[in-house]
Amino acid sequence: MVGPGGREHAIVRALLRDSSVTQVHAAPGNAGIARDVTCHAVDASDGAAVTELAQRESYDLVVVGPEAPLAAGVSDALRAAGIPVFGPSKDAAQLEASKAFAKDVMAAAGVPTAQAVHAADAETAAAALDRFGAPYVVKDDGLAAGKGVVVTSDRDAALAHAQACFSAGGTVVIEEFLDGPEVSLFVLSDGQNLVPLSPAQDFKRIFDNDEGPNTGGMGAYTPLDWLQGYTETGDDGVTRDFTGIVMDQVARPTVEEMARRGTPFIGVLYCGLAVTSRGVRVVEFNVRFGDPETQAVLERLETPLGQLLLDAATGELGASRQLAWRDGYAVDVVLATQNYPDSPRKGDVVTGVEEAEALEGVAVLHAGTSTNDDGALVTAGGRVLAVVGTGGTLAEAVERAYAGVEKISWDGAQHRSDIAAKALAGHIRVSSPERQA
């Protein structure tokens, strides 16, 4: 398992539940992952170092977790050495590494998404802002760990974000604002065959009520009851549910277009979606499991993960693969450090993790953690832990997650108190779109 974060800890835990998996190692991992498996002090983005480790340890499969190693070509280095790897090539990873590239692929594949302008200067950016109007959506074209997006009604703030990206040598994509709730759907791909996981919803803003700056994600939950009954009838006369719509209109055309370009997509395509009044629209693509949705989604996955990822890596998913899920709901709440997402404070001693994990239906997954010279658990990144609650109802899962959160503390810890609150209150409603003539 390549990577240091909460997503990687969730994947490690799921791999350990697979009876066909005899051993799991991680590189570099974190303090929580190190409690579960052997960790190696290897730079996750160093393809040569990761490949050397894989050859030395004779791994049957390497799973690349974060986007940075994928964009750096770590999967390419492993494949060149003949090692099965779950994760797209550097070229295919451009779906996340360049939003302009992703827009080009979607246009070629006929995938529904927001109108957009790729801007490299202030004049172009200003014109695009005026064309689309408020709320303004400005995205750093490159990788920004989920924090390169500004959505604001303040035109000056939108233009300032664009200028900051230009000053750093980058470009931006300016989009029309998409109304409606957002949904994340992970789709596994072996380059040809596809398997969807369970839709989830995450919470990007740092503060309650979706206020404050964007983060990498402050919590998530699954499944989404409010999507039940959302259907659309295609030109073929077949009525599809939400997941079927996304597979038919988004995932499959995108993977087919990538194959047509000679860059087959092998790994997980993260479809970030808006359920708008006009139908499903793509907000963004990622080329890896999303964090923190993975912590909730994998908690419910009953299908053995190791064999599933190996089959994706080796072209063996099959055309009609079905996944099994545990009954009930999963919710995770992210605990972050003081000053996150701006300049997170590190080195604070964390207490209460064991007490939280002792609670029924509670798991604690580590992200930005380390140990100090005394062996105590300390903060080592912006997002430190994700507390996962599971239960027979969404309310029970939420209650358990927050009961775990209450056991954990450190100086300056912060978290949102409203994960899944709108869903619980029945405030999220979507209507199936009318079929277009």
Side-chain angles (χ1 to χ4, degrees), residues 3-5 43-49 64-77 87-107 113-132 135-152 154-177 204-206 212-217 258 261 263 270 272 282-288 290-291 339-344 368 381-383:
D43 180 352
S45 293
D46 186 335
V64 182
E67 61 272 28
L70 294 168
V74 170
S75 291
D76 301 79
S89 66
K90 180 177 181 178
D91 287 342
Q94 287 295 298
L95 275 174
E96 178 172 2
S98 170
K99 294 175 180 61
F101 175 84
K103 287 291 186 183
D104 183 63
V105 169
M106 283 187 272
T113 186
Q115 298 180 67
V117 170
H118 185 206
D121 58 71
E123 183 178 359
T124 305
L129 292 174
D130 293 337
R131 171 185 167 187
F132 296 130
Y136 304 105
V137 181
V138 183
K139 300 180 177 181
D140 188 335
D141 183 49
L143 295 178
K147 292 172 281 191
V149 180
V150 165
V151 181
T152 178
D154 185 335
R155 185 180 182 278
D156 290 340
L159 196 56
H161 179 63
Q163 188 57 59
C165 295
F166 301 149
S167 298
T171 59
V172 297
V173 171
I174 295 173
E175 296 183 351
E176 64 170 330
F177 177 77
K204 290 294 188 187
R205 303 279 190 159
I206 184 67
N214 269 344
T215 71
M258 294 299 287
R261 294 179 178 220
T263 54
Y270 168 122
V282 175
V283 176
E284 65 175 348
F285 284 137
N286 293 160
V287 297
R288 36 70 186 182
D291 187 342
N339 299 327
Y340 178 75
D342 296 325
S343 52
R383 292 183 297 169

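Residue numbers start at 1 and run along the sequence shown. Model, not experiment: these values are computed from the prediction.
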Which of Thr152, Leu129, Val149, Val151 passes side chain to side chain contact (heavy atoms under 4.5 Å, CB included) with Val138? It is Leu129
Rounded distance [0.5 Å steps], CZ in Phe285 versus NZ in Lys103
9.5 Å
Is any side-chain heavy atom of Asp104 closer than 4.5 Å to one of Met106?
no
Donor-acceptor pair, distance only, cut-off 3.5 Å: does the side chain of Arg131 make one with the backbone of Ala126?
no
What distance do Glu284 atom CD and Leu95 atom CG have between them, rounded to the nearest 0.5 Å?
11.5 Å
Minimum heavy-atom separation for Gly382 to Tyr340, with atom names?
CA-CD1, 3.4 Å
Treating Glu175 as the side-chain partner and Ala114 as the backbone partner, does any N or O pair qualify as donor plus acceptor under 3.5 Å?
no
So NZ of Lys204 and OG1 of Thr215: to nearest 0.5 Å the spacing works out to 6.5 Å
Residue pair Arg261 / Val105, side-chain heavy-atom distance below 4.5 Å
yes
Nearest atoms (heavy-atom pairs only) where Val74 meets Ala44:
CG2-O, 3.4 Å
At what distance, to the nearest 0.5 angstrom, does CD of Gln163 lie from CG of Asp121?
9.0 Å
For a quick check under 3.5 Å, do Ser75 and Lys90 share a side-chain donor-acceptor pair by atom type?
no
Can you check whether Lys99 reaches His118 side chain to side chain, under 4.5 Å on heavy atoms?
no
Atom pair SG (Cys165) and CG (Asp140), whose distance is rounded to the nearest 0.5 Å
4.0 Å
Would you say Val117 and Phe132 make side-chain contact, with heavy atoms under 4.5 Å?
yes
Looking only at heavy atoms, the pair that brings Phe166 and Ala119 closest together is CE2-O, 3.3 Å
To the nearest 0.5 angstrom, please state how far the OH atom of Tyr270 sits from the CD atom of Glu67.
10.5 Å
Measuring only between side-chain heavy atoms, which start at C-beta, is Asp156 closer than 4.5 Å to Leu159?
no
With distance as the sole test, does Thr263 use its side chain to make a donor-acceptor pair with the main-chain N or O of Met258 at under 3.5 Å?
yes
Quick check: does any side chain N or O of Asn339 sit under 3.5 Å from a backbone N or O of Asp342, one acting as donor and the other as acceptor?
no
Any donor-acceptor N/O pair, Asn286 side chain to Arg288 backbone, under 3.5 Å
no
Applying side chain to side chain contact (heavy atoms under 4.5 Å, CB included) between Lys139 and each of Val172, Thr171, Val283, report the one that passes.
Val283
